[in-house]
Undergrad: 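Have a look at this one before I ask anything.
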2 protein chains.
Amino acid sequence: MSEPLDPAMFDDCGDVLGPVRIGDKWTARILVCLKDGRRRFSELRVPLRGITPKVLTESLRAAERDGFVERHAYPEIPPRVEYEITDLGRSLLGVMETTCAWTAAHLTELIRARQAYLDRTAS
Amino acid sequence: MSEPLDPAMFDDCGDVLGPVRIGDKWTARILVCLKDGRRRFSELRVPLRGITPKVLTESLRAAERDGFVERHAYPEIPPRVEYEITDLGRSLLGVMETTCAWTAAHLTELIRARQAYLDRTAS
DNA sequence: CGGTATCCACGGGGATACTG
DNA sequence: CAGTATCCCCGTGGATACCG
């Protein structure tokens with residue numbers, strides 16, 4: 001971690017896998033919703049205000065595929081499905097919260113930078 | 001940082017600013033290229049294999065706008081422009097390297113998760 | 001040298017409606 | 001309840017050509 005001088009290191013760490021859907025809109029939010037326990041499909045839709053079932057399914061499938069969540073389906077009627085965060089997912093969530101915390105900690109700097117840029121380019 | 005229970009925390013930390021272009025394809029790579037000193041436009045194009053001038057300009061402008069890089073233009077002929085990482089940009093780079101390191105550290109887990117998913121869904 | 005100008009491809013994501 | 005099925009929008013980013 002001390003010699004990462006090649007920008008190619010961000011190519012999914014060497015193109016070993018395809019894209020990992022970490023920086024997308026929903027993965028982080030889903031992991032947050034799961035951090036305190038299992039949640040059902042419909043339960044997830046509440047805090048994830050505005051997400052459509054199609055997009056939620058896509059996001060959950062991708063997270064399941066990469067091992068961030070586990071899907072538990074109970075063949076009842078009506079059907080019941082619960083999603084659970086894995087250790088890997090919890091570990092990833094920690095990294096994501098760090099990034100989020102960075103933004104929060106530097107909000108005023110970001111705002112000032114944007115204003116300064118506007119002032120500079122207003123000419 | 002211990003009570004981030006609302007997934008809305010990822011909405012750019014509250015929609016105070018517009019999108020901050022942190023998770024895009026080029027910002028991290030650019031900051032890596034600048035970490036050891038100022039670089040000129042054409043110098044950046046070398047390690048950033050394949051980037052077109054248009055996209056490099058867009059990315060640099062966004063990074064400048066958010067205060068991650070500084071642009072130093074010298075009105076000579078032929079023109080010379082140097083880009084320099086700021087303290088804020090260096091701080092962000094640290095976070096990005098952490099995320100990258102996480103992926104590297106969990107590569108085998110990711111690969112195994114994908115294979116397991118394929119095996120499960122092959123039915 | 002350090003960009004602009006145009007055009008275009010693609011994938012994430014949203015809206016709406018329907019189903020086992 | 002837990003999804004599918006369609007259709008569509010838009011932003012990132014790539015290709016190519018041109019300019020002061």
Side-chain angles (χ1 to χ4, degrees), chain A residues 7-8 10-12 15 17-30 33-34 38-66 68-84 120-121, chain B residues 7-8 10-12 15 17-30 33-34 38-66 68-84 120-121:
Chain A
F10 288 107
D11 297 357
D12 289 324
D15 291 321
L17 331 93
V20 180
R21 261 186 107 109
I22 281 181
D24 70 314
K25 180 171 181 178
W26 296 107
T27 302
R29 293 166 167 86
I30 288 173
C33 293
L34 295 178
R38 294 183 174 199
R39 295 285 180 262
R40 300 178 63 166
F41 190 87
S42 296
E43 283 182 291
L44 287 173
R45 297 195 63 186
V46 178
L48 268 26
R49 265 185 293 265
I51 197 171
T52 61
K54 182 198 122 189
V55 173
L56 180 54
T57 300
E58 285 173 357
S59 306
L60 286 171
R61 289 283 189 277
E64 191 195 356
R65 189 180 55 110
D66 286 338
F68 304 151
V69 306
E70 264 177 18
R71 182 175 184 273
H72 306 279
Y74 303 91
E76 309 165 353
I77 294 179
R80 178 166 56 99
V81 178
E82 292 179 352
Y83 292 90
E84 182 178 21
R120 243 179 293 147
T121 55
Chain B
F10 290 107
D11 297 357
D12 289 325
D15 291 321
L17 330 94
V20 181
R21 261 187 105 111
I22 280 182
D24 71 314
K25 180 170 181 178
W26 296 108
T27 302
R29 293 167 167 86
I30 288 173
C33 293
L34 294 178
R38 295 183 174 199
R39 295 284 179 265
R40 302 177 62 167
F41 191 87
S42 296
E43 283 182 292
L44 287 173
R45 297 195 63 189
V46 177
L48 267 27
R49 266 186 291 265
I51 197 171
T52 61
K54 182 199 123 190
V55 173
L56 180 54
T57 300
E58 285 172 359
S59 306
L60 286 170
R61 290 281 189 280
E64 190 197 355
R65 191 179 54 111
D66 287 338
F68 304 151
V69 306
E70 266 176 16
R71 181 175 184 275
H72 306 280
Y74 303 90
E76 310 165 351
I77 294 179
R80 179 166 56 100
V81 179
E82 292 177 354
Y83 292 91
E84 183 179 20
R120 243 178 295 144
T121 56

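All chains are named by letter (A, B, ...) in the order of the sequence lines, taking the proteins before the strands, and each is independently numbered beginning at 1. All of these numbers come straight from a predicted model, not from anything done at the bench.
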Undergrad: At the 4.0 Å heavy-atom cut-off to chain A, mark where contacts on DNA chain C begin and end, going 5' to 3'.
TA: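 Nucleotide range in contact with chain A: C/dG12 to C/dG20.
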Undergrad: Quick check for you: to the nearest 0.5 Å, what is the distance between A/H72 atom NE2 and A/E82 atom CD?
TA: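 Going from the NE2 atom of A/H72 to the CD atom of A/E82 covers 7.5 Å.
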Undergrad: Would you please test B/R71 and A/R120 for side-chain contact (heavy atoms from CB on, under 4.5 Å) and show each step?
TA: CA-CA 12 Å; B/R71 181 175 184 275; A/R120 243 179 293 147; over 6 Å; no
Undergrad: Identify the residue among B/E84, B/E70, B/E43 that makes a salt bridge (charged side-chain N to carboxylate O under 4.0 Å, His left out) with B/R38.
TA: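 Single pass found, and it is B/E84.
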Undergrad: Between A/Y83 and D/dC1, does any side-chain N or O lie under 4.0 Å from OP1 or OP2?
TA: no
Undergrad: Are OP1 or OP2 of D/dG3 and a side-chain N or O of A/T57 less than 4.0 angstrom apart?
TA: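 For A/T57, the contact criterion (side-chain N or O under 4.0 Å from OP1 or OP2 of D/dG3) is not met.
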Undergrad: Please give, in whole Å, the distance from D/dT4 C1' to A/L56 CG?
TA: 13 Å
Undergrad: Name the pairs: protein N/O against N/O of nucleotides 13-15 of chain D, kept only if under 3.5 Å.
TA:
unit_1 : atom_1 : unit_2 : atom_2 : d
D/dG13 : OP1    : B/K25  : N      : 2.5
D/dG13 : OP2    : B/R21  : NH2    : 3.1
D/dG14 : OP1    : B/K25  : NZ     : 2.4
D/dG14 : OP2    : B/W26  : NE1    : 3.1
D/dG14 : O6     : B/K54  : NZ     : 2.0

Undergrad: Could you state the atom-to-atom distance from CD of A/E43 to P of D/dC1 in whole Å?
TA: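 So the two atoms are 11 Å apart, to the nearest Å.
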Undergrad: Nearest heavy atom decides the nucleotide; on that basis, is A/P79 or B/R40 closer to the 5' end of DNA chain C?
TA: B/R40
Undergrad: So what is the end-to-end bend of the helix from C/dC1-D/dG20 to C/dG20-D/dC1, with 5 pairs used at each end and the value given to 10 degrees?
TA: 50°
Undergrad: Examine D/dG3: is either OP1 or OP2 under 4.0 Å from a nitrogen or oxygen in the side chain of A/R71? Give yes or no.
TA: yes
Undergrad: Need one value for A/Y74: base, sugar-phosphate or nothing, where a base atom within 4.0 Å counts as base even if backbone is also close, heavy atoms only.
TA: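 The answer is nothing, as A/Y74 stays clear of every strand by at least 4.0 Å.
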Undergrad: Between A/E64 (CD) and D/dA2 (P), how many Å, whole number?
TA: 15 Å
Undergrad: Using the rule given for side-chain contact (heavy atoms from CB on, under 4.5 Å), can you reason through B/F68 versus B/V20, listing the C-alpha separation, both sets of side-chain angles and the distance that settles it, and then say yes or no?
TA: CA-CA 11 Å; B/F68 304 151; B/V20 181; 4.1 Å; yes
Undergrad: Taking atom CZ of B/R61 and atom CZ of B/R21, what is their separation to the nearest 0.5 Å?
TA: 12.5 Å
Undergrad: Return the value, rounded to whole Å, for the distance between atom CG of A/L44 and atom C1' of D/dC1.
TA: 13 Å
Undergrad: Quick one: CG on B/L60 to CG on B/L56, what's the gap to the nearest 0.5 Å?
TA: 4.5 Å
Undergrad: Can you measure from CH2 (B/W26) to CG (B/L44) and round to the nearest 0.5 angstrom?
TA: 11.0 Å
Undergrad: Calculate, to the nearest 0.5 Å, the distance between atoms CG and CD1 belonging to B/L48 and B/I30 respectively.
TA: 6.0 Å
Undergrad: If you look at every strand shown and take non-hydrogen atoms under 4.0 Å, does A/R45 touch a base, only sugar-phosphate, or nothing?
TA: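 Nothing, no nucleic acid heavy atom in range.
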